[in-house]
Protein chains: 2
Amino acid sequence: MGRREQQVLEDYIVQHNLKITKQRRSVLEAFLGSEDHVSAEELYKLVTEKEPKIGLATVYRTLNLLTQSGLASELDFGDGQKRYEHKFMHSHHDHLICTECGKIVEFTHPMIEKLQEEVAIRQGFKLTSHKLDLFGLCAECS
Amino acid sequence: MGRREQQVLEDYIVQHNLKITKQRRSVLEAFLGSEDHVSAEELYKLVTEKEPKIGLATVYRTLNLLTQSGLASELDFGDGQKRYEHKFMHSHHDHLICTECGKIVEFTHPMIEKLQEEVAIRQGFKLTSHKLDLFGLCAECS
DNA sequence: CTACCTGCAAATTATTTGCCTTAAC
DNA sequence: GTTAAGGCAAATAATTTGCAGGTAG
């Protein structure tokens, strides 16, 4: 499990004069082991299996740390809570979401990306990121 | 100001055995008169200028009504609150958002839409909606 | 008159913060 | 030994809900 990610996190922690703790290790481990798109609450449930005394606030704090260190990115599927996915060794992609069963398919489409860039340039913008979510019904739910 | 939208709302209200009230009229009027992308709180401030005794909860309730009746759609730019835009007589579009000054440019790109449709079909999905937000720096903020 | 609607306050939900104790370095 | 981190409970912030009185149909 994620040697490399462990290293990224520890580098970030050292560079920022922070401390490496077993809680942070546990959260990272559970996060890497999870499916993508976990919420803080879900991750908390996963972590407590290994680390029963951990507090929910620590999970939130660690998720922010992971986001700042570049290991996680925040997602928002409009269900009222933030979700997180790991970014390291996991390239950019967009989401296709079934509104019935919640299934999520990840995809990338270079041409779409290229056209987005064009739109931005045409408006004088310098693009830093984007978010594309497609909503619909998957094969089973149609 | 928005005769047609008034009609859409009133039709919806009648069809659902609901009641037309001056608060609902005031919220709709303020909503149509507002710039796009208002939050509930912002709309509340606008409405109270004309209707000082209205409650915030009524604004929330009416925004939900407007969303259900098809006059408004919910947006989420990740700032922790829902925003709303009017949909009627205002065709679909995506957003290009300056992360520095908050400027929002609306755009549509038929080719992007077409490619999205292709992605969905390839995955066996039937597309119902999508959300594309581009984030970057506008000309002034670069 | 019979729902539905409103305003208000209290409740909820997701997340953050304060504080005091504990553990890294 | 400092100083940051953790746990817990209390604080926030956005939104929703319960209720008693008001009003549209």
Side-chain angles (χ1 to χ4, degrees), chain A residues 6 9-31 37-69 72-84, chain B residues 6 9-31 37-69 72-84:
Chain A
Q6 196 74 50
L9 179 60
E10 301 202 355
D11 286 354
Y12 180 90
I13 286 176
V14 169
Q15 280 164 27
H16 291 256
N17 289 339
L18 305 177
K19 291 172 182 176
I20 297 168
T21 64
K22 71 172 184 316
Q23 288 91 336
R24 286 176 175 176
R25 283 221 179 81
S26 302
V27 172
L28 176 59
E29 181 170 357
F31 181 54
H37 322 119
V38 267
S39 65
E41 201 79 37
E42 286 163 6
L43 186 55
Y44 173 66
K45 289 211 187 93
L46 289 171
V47 179
T48 44
E49 291 172 12
K50 296 283 172 76
E51 194 71 40
K53 302 231 31 164
I54 203 168
L56 177 56
T58 299
V59 174
Y60 274 103
R61 284 187 277 231
T62 306
L63 277 169
N64 289 332
L65 192 60
L66 292 175
T67 304
Q68 284 150 31
S69 70
S73 45
E74 294 184 352
L75 305 175
D76 187 340
F77 294 149
D79 62 343
Q81 56 187 35
K82 287 183 193 160
R83 300 188 161 272
Y84 296 83
Chain B
Q6 197 73 53
L9 178 61
E10 302 202 355
D11 286 354
Y12 180 89
I13 287 176
V14 169
Q15 280 164 28
H16 291 255
N17 288 340
L18 306 177
K19 289 175 183 174
I20 297 166
T21 64
K22 72 173 184 314
Q23 288 91 335
R24 285 175 174 176
R25 282 221 179 83
S26 302
V27 172
L28 176 58
E29 181 171 357
F31 181 55
H37 323 120
V38 268
S39 66
E41 201 80 37
E42 285 163 6
L43 187 55
Y44 173 65
K45 289 210 185 93
L46 288 171
V47 178
T48 44
E49 291 172 12
K50 297 281 173 74
E51 193 72 39
K53 304 231 30 165
I54 203 169
L56 177 56
T58 300
V59 173
Y60 274 102
R61 284 186 278 228
T62 306
L63 277 170
N64 287 332
L65 192 60
L66 292 175
T67 303
Q68 285 152 29
S69 70
S73 45
E74 295 184 352
L75 306 175
D76 187 340
F77 294 149
D79 61 343
Q81 55 187 34
K82 285 183 195 162
R83 300 188 160 273
Y84 296 83

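Chain A is the first sequence line, chain B the second, and so forth, proteins listed ahead of strands; every chain is numbered from 1. Because the structure is predicted, anything quoted here is derived from the model rather than measured.
- Summarising the geometry, the separation between OH on B:Y60 and P on C:dA9 is reported as 17 Å, rounded to the nearest angstrom.
- Remark: A:R24 is in phosphate contact with D:dA5, judged by side-chain N or O atoms under 4.0 Å from OP1 or OP2.
- B:Y12 places its OH atom 14 Å from the C1' atom of C:dC4, with the value rounded to the nearest Å.
- Between D:dG25, C:dA23, C:dT15, one nucleotide has an atom nearer to the side chain of A:A40 than all others, and that is C:dT15.
- With B:R24 contributing its side chain and B:K19 its backbone, the two residues share a donor-acceptor pair below 3.5 Å.
- Residue-to-nucleotide proximity on DNA chain D shows that, of A:R61 and A:K19, the 5′-proximal contact is made by A:K19.
- Among C:dC8, D:dA9, C:dC25, the nucleotide with an atom closest to any side-chain atom of A:A57 is D:dA9.
- A residue-by-residue look at A:Q23 and B:I20 shows that A:Q23 has its nearest nucleotide of DNA chain D further toward the 5' end.
- Rounded to whole Å, the distance from NZ on B:K45 to C1' on D:dA14 is 13 Å.
- A straight line from NZ of A:K22 to P of D:dG6 spans 9 Å, rounded to a whole angstrom.
- Nucleic acid contact for A:D79: none, since no nucleic acid atom lies under 4.0 Å from a heavy atom of the residue.
- Note on A:N64: a side-chain N or O is less than 4.0 Å away from OP1 or OP2 of C:dT16.
- For B:Q81, taking side-chain heavy atoms from C-beta onward, the closest of the listed nucleotides C:dA23, D:dA14, D:dG7 is D:dA14.
- Checked by distance alone, B:K82 brings no side-chain donor or acceptor within 3.5 Å of a matching partner on the base of D:dT15.
- Of the listed nucleotides (D:dT15, C:dC5, D:dG7), C:dC5 has the atom at the smallest distance from the side chain of B:L18.
- Counting heavy atoms from C-beta outward, B:L9 and B:L66 have side chains that approach closer than 4.5 Å.
- The nucleotide whose nearest atom lies closest to any side-chain atom of B:L56 is, among C:dT15, D:dT15, D:dG6, D:dT15.
- Taking 4.0 angstrom as the limit, B:T21 places none of its side-chain polar atoms (N or O) nearer than this to OP1 or OP2 of D:dA24.
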